[in-house]
There are 2 protein chains.
Amino acid sequence: MIFDDFLRHRRKEQILPEDRAALEASVGEVRSVPARMTLVRKDERVHFSTYLIEGLICRYMDDREGLRQLVAVHVPGDFVDLHAYPLKHLDHDVATLTACKIATVPHRNLDIVMRERPELAKFLWFSTLLDAAMHREWIFRLGRLNAMARVGHFFCEIEAKLRAVGLSDGASFELAMTQNDLGEACGITPVHMNRMLRMLKEQGLLQMRAGQVQLLDRPALARLSEFDPSYLFIDE
Amino acid sequence: MIFDDFLRHRRKEQILPEDRAALEASVGEVRSVPARMTLVRKDERVHFSTYLIEGLICRYMDDREGLRQLVAVHVPGDFVDLHAYPLKHLDHDVATLTACKIATVPHRNLDIVMRERPELAKFLWFSTLLDAAMHREWIFRLGRLNAMARVGHFFCEIEAKLRAVGLSDGASFELAMTQNDLGEACGITPVHMNRMLRMLKEQGLLQMRAGQVQLLDRPALARLSEFDPSYLFIDE
DNA sequence: CGAACGCTTGAGTGGAGTCAAGTAGAGTGG
DNA sequence: CCACTCTACTTGACTCCACTCAAGCGTTCG
């Protein structure tokens, strides 16, 4: 089923089977998208939302000179731009980082959910609030942590998210992001990102090679970067 | 009416009169709270949400050494921690900056709204997504702007929000925040905040004295800080 | 093979932080 | 009415983390 990973391990109360069926029924189409492709552009009026089945998607804002700030990185199981449903248009761009498999959900189908399935509606709302909680953590990261801690914090977060949907074993996982991408997420230059990765490796905390990440000492990394996963609302 | 400023000037479609009445009816109590008082603490289970009628409220996260990062500043008309309704507990603290008048709304009353008033539910959802949009803009601000632009951007944002509810005439407004508070919002030290305010004054952009802010040249300030208010979804 | 892209490293610079020493003003109490 | 206190604000000197500029390396792919 398409939404098997939606809110997986995210909360004790489960989505009711009939609500889950309604969600599956709301899908418009499923398709594959190549890497580095823009899905939604800022200010563009949108009539459907995108659910990520496979791959990595990011959301970002560019400054005047085109320097990019990522505001979110999405993994399978994320309803990437569900917030476009109440908002109608977005304040940022959405693009794939890797080749992706996505499902698109027309907003008119979500209208039906809102009217007929208040419980499911609350889960959808909840999922957009998880994104907001991550936004807040990113604000904290950028506002209060130094470069090394920012990088460590980012890796801790993405690992926890991937683990919740079975894409990390707690120590190593695939992450097809360049050092430039990582810099855009952490608010540091690619050159400095490179230096931070070297230092993290030298300290035996984390290693990244060819899109493969190994957390060599996750507890130490979490300590260094003041990472506390409670904001992710993951069970267990 | 209590919710007169709720989503004021925020969208063309208005909340239906009967939905508005239902919202008014959902209020538990209205009360006054002194300045610098914690309203909700991180991880605390909450059963009601807070709507701000008068005053300033902030949300924040502290790092290990107690250094604070604000993640939001709320003005009258904001449903401060509505997100606590689906989330059940918060990942951050909520506190007053000034003396405030607030309305508390029990979550059991919101359950009724969800079941019986899907249109209103969507407005409530929308309002939490506005906060998320502001979070994103704060990420951009911290990740991509230098200290002076961050400060300018913050003032542009708060002015636009205050103007939407009639608390700014576009040039001057009251803002009872200390330079320390402002630094915690912009991710810079209070000492540097002081220097930035001096520079902004020297450049004829903005003046702040005794909690009174004057935007001397709003267009120039917006240009300097790459401020584009579209993310606030304000009409007109 | 050459081009393109991503990664790596060094040298020098500068913006923001830190530390320290003040001043200004509001509120309090003798 | 004037010490006294407390908080917020102000300014200078020095430091350092991260940026910039620059050059070079390694892979992949056409």
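Proteins get letters first, then strands, A, B, ... in listed order; numbering begins at 1 in each. Worth saying up front: this structure is predicted, and the values here are computed from it rather than measured. Any value given below was found using the heavy atoms of this structure, including those in side chains, with hydrogens, waters and symmetry copies removed.
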State, to the nearest 10°, the angle formed by the axis through the first five base pairs of the helix from dC1(C)-dG30(D) to dG30(C)-dC1(D) and the axis through its last five. 30°
Between C1' on dT18(C) and NE2 on His192(B), what's the gap in Å once rounded to a whole number? 12 Å
Could you pull out all residues at least two apart from Lys101(B) that satisfy side-chain contact (heavy atoms from CB on, under 4.5 Å)? Val30(B), Ser32(B), Ile53(B), Glu54(B)
Can you confirm whether Leu167(B) sits close enough to Pro76(B) that some side-chain heavy atom of one is under 4.5 Å from a side-chain heavy atom of the other? yes
Distance in angstrom units between Ile188(A) CD1 and dC17(D) C1', rounded: 11 Å
Near Lys42(A) NZ, under 6.0 Å, is it more than 12 heavy atoms from other residues, nucleotides or ligands? yes
Considering residues at least two apart in sequence or located in another chain, which fulfil the ring-ring contact (aromatic ring centres under 6.0 Å, His included) criterion with Phe79(B)? Phe3(B), Phe6(B), Tyr51(B)
Mind running a 4.0 Å heavy-atom check of residues 142-154 of chain A against DNA chain C and sending the residues that fall below it, in number order? none
Side-chain atoms of residues 143-161 of chain A: list all donor-acceptor pairs with protein atoms under 3.5 Å, sequence neighbours left out, distances to 0.1 Å.
unit_1    : atom_1 : unit_2    : atom_2 : d
Arg144(A) : NE     : Arg68(B)  : O      : 2.9
Arg144(A) : NH2    : Arg68(B)  : O      : 2.7
Asn146(A) : OD1    : Met148(A) : N      : 3.4
Asn146(A) : OD1    : Ala149(A) : N      : 3.0
Arg150(A) : NE     : Leu145(A) : O      : 3.0
Arg150(A) : NH1    : Cys186(A) : O      : 3.0
Arg150(A) : NH1    : Gly187(A) : O      : 3.3
Arg150(A) : NH2    : Leu142(A) : O      : 3.4
His153(A) : ND1    : Arg141(A) : NE     : 3.1
His153(A) : ND1    : Arg141(A) : NH2    : 3.2
His153(A) : NE2    : Glu137(A) : OE2    : 3.2
Glu157(A) : OE1    : Trp138(A) : NE1    : 3.3
Glu157(A) : OE1    : Tyr231(A) : OH     : 2.6
Glu157(A) : OE2    : Trp138(A) : NE1    : 2.9
Glu159(A) : OE1    : Arg163(A) : NE     : 3.2
Glu159(A) : OE1    : Arg163(A) : NH2    : 2.9
Glu159(A) : OE2    : Arg163(A) : NE     : 2.8
Glu159(A) : OE2    : Ser168(A) : OG     : 2.6
Glu159(A) : OE2    : Gly170(A) : N      : 3.3
Lys161(A) : NZ     : Val73(A)  : O      : 3.1
Lys161(A) : NZ     : Asp78(A)  : OD2    : 3.1

Between dG15(C) (P) and Met193(B) (CE): distance, integer Å: 18 Å
Could I get the full list of side-chain contact (heavy atoms from CB on, under 4.5 Å) partners for Pro219(B), not counting sequence neighbours? Asp217(B), Arg223(B)
Atom pairs under 3.5 Å, N or O on each side, protein against nucleotides 22-27 of chain C: can you list them with distances?
none

With heavy-atom distances below 4.5 Å as the criterion, would you say the side chains of Asp131(A) and Arg59(A) are in contact? yes
Please check: side-chain N/O of Glu226(B) versus main-chain N/O of Arg64(A), any donor-acceptor pairing under 3.5 Å? yes
For Arg36(B), does the CZ atom sit with more than 12 other heavy atoms under 6.0 Å from it, leaving out its own atoms? yes
Contacts of Arg198(A) that satisfy side-chain contact (heavy atoms from CB on, under 4.5 Å) - sequence neighbours left out: Arg195(A), Glu202(A)
Protein heavy-atom contacts under 4.0 Å, written 5' to 3' over nucleotides 4-11 of chain C as B (base), S (sugar-phosphate only) or - (none), form the string ---SBBBB
Euclidean distance, atom CD of residue Gln207(B) to atom P of dC9(D) [Å, nearest integer]: 15 Å
Using a heavy-atom cut-off of under 4.0 Å over every strand shown, decide if Gly187(A) touches base, sugar-phosphate, or nothing. sugar-phosphate
By ring-ring contact (aromatic ring centres under 6.0 Å, His included), His89(A) pairs with (sequence neighbours left out) Phe233(B)
Whole-Å gap separating P (dA18(D)) and CG (Leu67(A)): 18 Å
Results of side-chain contact (heavy atoms from CB on, under 4.5 Å) for Thr96(B) - residues two or more places apart only: Val33(B), Met37(B), Leu39(B), Ile57(B), Cys100(B)
Hits for ring-ring contact (aromatic ring centres under 6.0 Å, His included) against His83(B), two or more places apart or cross-chain, chain-then-number order -> His92(B)
